[in-house]
Colleague: 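Got a structure for you, questions after.
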Amino acid sequence: MKRNLLFTATLAGALLSGCATQSSNNFQAFQPEDLNALVKSGKLVQKTNSFLVVNDSSSSMSRTYVNSAEYSGTKLDVEKNLLNKFNKTIPSIPLQSGLRSFGFGPCLGWSATKLNQAVQTYSQAGFDGAITSLQCSSGGTPLADALQASGTDLTSASGNIALIVLSDGVEESSPTPTAEALKAQYGDKLCIYTVWVGNDEDVAGQATLQSIADASGCGFSTTADAISSAKGMNDFVKNVFLKAGTPKVSDCSTLDDDKDGVSNCADKCPDTPKGAIVDKDGCWAFHGVLFDFDSDKVKSKYEPLIQNAVEVMKLNPGLTVEIQGHTDSYGTDAYNEKLSQRRANAVKNELIKLGVDGKRLTTAGFGESQPVDTNETDEGRAYNRRVNYKRTDK
């Protein structure tokens, strides 16, 4: 009888020391900052190819987290919320990922550590499943065992590796020697990053986590509060996975932003409206409607250009245009200014006749002040007696 009582008391003590606290999978609403544009532009480039998260699921993580008003729940709940934010912030880069937890007790089947997700090709959905597999916390804190097991986990990891440890750092023995051995095993490929998820009474654990990060020589230690915001998590993810790169310089000869058939390199009018006929410089009617000497009559041979202007106005309902008239250098400034205005008005009237709303058209006369060719030859002067269009809706 005494033997049975002793066995019962021993079993009860073991169960009490390893009792499990369940965790919620209800995560905080979170809108991550987008790193993809910086990666796509080349301003940031990938430096890490694989990561393994080592998560503290020991009994101390069952305690309520009180270091921040932002979180409610246990320290394990905080860890899972952080991992959820971390997962949502990772940009679209090729990665491998894995997750291991530690905490001797019933949550891990009375093992010191458990591989929740073996290192495999990363996907956001796949890693989300690993996060939700962290169902409860119990038992002691064998972080050294988890680090030692990570040495085997990472044998299948490719390229540069990030080992990310989330814990309150409350340990029975120092895990730093194991971290140093892990660094010796993987050398420059491995960097260790630690996140302290602790309360004020756990402050000694923060120093433990700092020593683990220091052991790698290339990682760093931070806190749950420091990375809980979108900006904080953005900075954390950026520092773990990315480094500064050289922005990609686009070849302007292969680009045509306004789609007028003239490359950005040669386009002197880069905002040509859709459908406009342009010259070799990419400008709408720059050398288009020309006039005889001392005339404001629109010649019939320019009807295709006038009709094109009508079509452009239809294709671009919000487009407004200033019609600009010009002259050659013959005549006085005052006379040429009036002549150039009459030329602009003549083209405006043609467009209105063909259905363009006059409210979308303004005119301006510039006289001889803006030549596009020499006034020393007949051909040059002919080009200067012109009307061109300038869009005014921008």
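Start at 1 with the first residue, then count along the sequence. Note: hydrogens, waters and symmetry copies are ignored here, and every other heavy atom, side chains too, is used.
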Colleague: Any salt bridge linking Lys75 with Asp202? Criterion: basic side-chain nitrogen under 4.0 Å from a carboxylate oxygen.
Modeller: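 Counted as a salt bridge, because a side-chain N and a carboxylate O are separated by less than 4.0 Å.
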
Colleague: Side-chain donor-acceptor pairs under 3.5 Å in residues 236-243, sequence neighbours left out?
Modeller:
{"residue": "Asn239", "atom": "ND2", "partner": "Asp235", "partner atom": "O", "Å": "3.0"}

Colleague: Is the backbone N or O of Ala213 less than 3.5 Å from a side-chain atom of Ser221, with the two atoms forming a donor-acceptor pair by type?
Modeller: no

Colleague: Establish, from distance only, whether the side-chain atoms of Ser62 and Ser137 form a donor-acceptor pair under 3.5 Å.
Modeller: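 Side chains of Ser62 and Ser137: pair found under 3.5 Å.
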
Colleague: Using a 6.0 Å cut-off, check whether atom CD of Gln210 has over 12 heavy atoms from anything other than its own residue.
Modeller: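 Atom CD in Gln210 is crowded, with more than 12 foreign heavy atoms closer than 6.0 Å.
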
Colleague: Can you list everything that forms a ring pair (Phe, Tyr, Trp, His ring centres under 6.0 Å) with Tyr122? Sequence neighbours excluded, please.
Modeller: Phe51

Colleague: With sequence neighbours left out, what residues match Asn384 under side-chain hydrogen bond (donor to acceptor under 3.5 Å, both in side chains)?
Modeller: Asn375

Colleague: Tell me, which pairs form a salt bridge (Lys or Arg N to Asp or Glu O under 4.0 Å) where one or both residues lie in residues 144-166, sequence neighbours left out?
Modeller: Arg100-Asp153

Colleague: Residues two or more places apart in sequence or in another chain: which of them pass salt bridge (Lys or Arg N to Asp or Glu O under 4.0 Å) with Asp258?
Modeller: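 Counting only residues at least two positions away or on another chain, Asp258 forms no salt bridge (Lys or Arg N to Asp or Glu O under 4.0 Å).
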
Colleague: Apply the test salt bridge (charged side-chain N to carboxylate O under 4.0 Å, His left out) to residues Asp296 and Arg343: give CA-CA distance (whole Å), side-chain angles for both, the deciding distance (0.1 Å), then the verdict.
Modeller: CA-CA 5 Å; Asp296 59 11; Arg343 287 171 174 169; over 6 Å; no

Colleague: Residues in side-chain contact (heavy atoms from CB on, under 4.5 Å) with Ala244, at least two apart?
Modeller: none

Colleague: Could you tell me which residues satisfy side-chain hydrogen bond (donor to acceptor under 3.5 Å, both in side chains) with Asp292, sequence neighbours excluded, listed by chain and number?
Modeller: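 side-chain hydrogen bond (donor to acceptor under 3.5 Å, both in side chains) list for Asp292, sorted by chain: Lys299.
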
Colleague: Between atom OH of Tyr193 and atom CD1 of Ile212, what is the distance when rounded to the nearest 0.5 Å?
Modeller: 15.0 Å

Colleague: Mind jotting down which residue pairs meet the salt bridge (Lys or Arg N to Asp or Glu O under 4.0 Å) criterion with at least one end in residues 208-223? Sequence neighbours excluded, please.
Modeller: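 Listed once each, the pairs would be none.
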
Colleague: Please list, chain by chain and in numerical order, all residues satisfying side-chain contact (heavy atoms from CB on, under 4.5 Å) with Thr374, sequence neighbours excluded.
Modeller: Glu376, Thr377

Colleague: Check whether more than 12 heavy atoms from other residues, nucleotides or ligands sit under 6.0 Å from atom CD of Glu337, and answer yes or no.
Modeller: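 Result for CD/Glu337: open.
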
Colleague: With sequence neighbours left out, which residue pairs that include part of residues 210-244 fulfil the disulfide bond (SG atoms under 2.5 Å apart) condition?
Modeller: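 Only Cys191-Cys218 qualify under disulfide bond (SG atoms under 2.5 Å apart).
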
Colleague: Identify, with sequence neighbours excluded, every residue that meets side-chain hydrogen bond (donor to acceptor under 3.5 Å, both in side chains) alongside Glu201.
Modeller: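 With neighbours one apart ignored, the set is empty.
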
Colleague: Applying side-chain hydrogen bond (donor to acceptor under 3.5 Å, both in side chains), can you list everything that pairs with Arg381, at least two apart in sequence or on another chain?
Modeller: Asp378

Colleague: Kindly give the heavy-atom pair with the smallest separation between Gln28 and Asn84, and that separation in Å.
Modeller: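 Looking at all heavy atoms of both residues, the closest pair is O-OD1, 4.5 Å.
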
Colleague: Answer yes or no: are there more than 12 heavy-atom neighbours, outside Lys47 itself, under 6.0 Å from its atom NZ?
Modeller: yes

Colleague: Using a strict threshold of under 4.0 Å (side-chain N to carboxylate O), is an ion pair present between Glu180 and Lys183?
Modeller: no

Colleague: So, Lys359 and Asp357, do they make that salt bridge, N to O below 4.0 Å?
Modeller: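 No, this pair does not count.
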
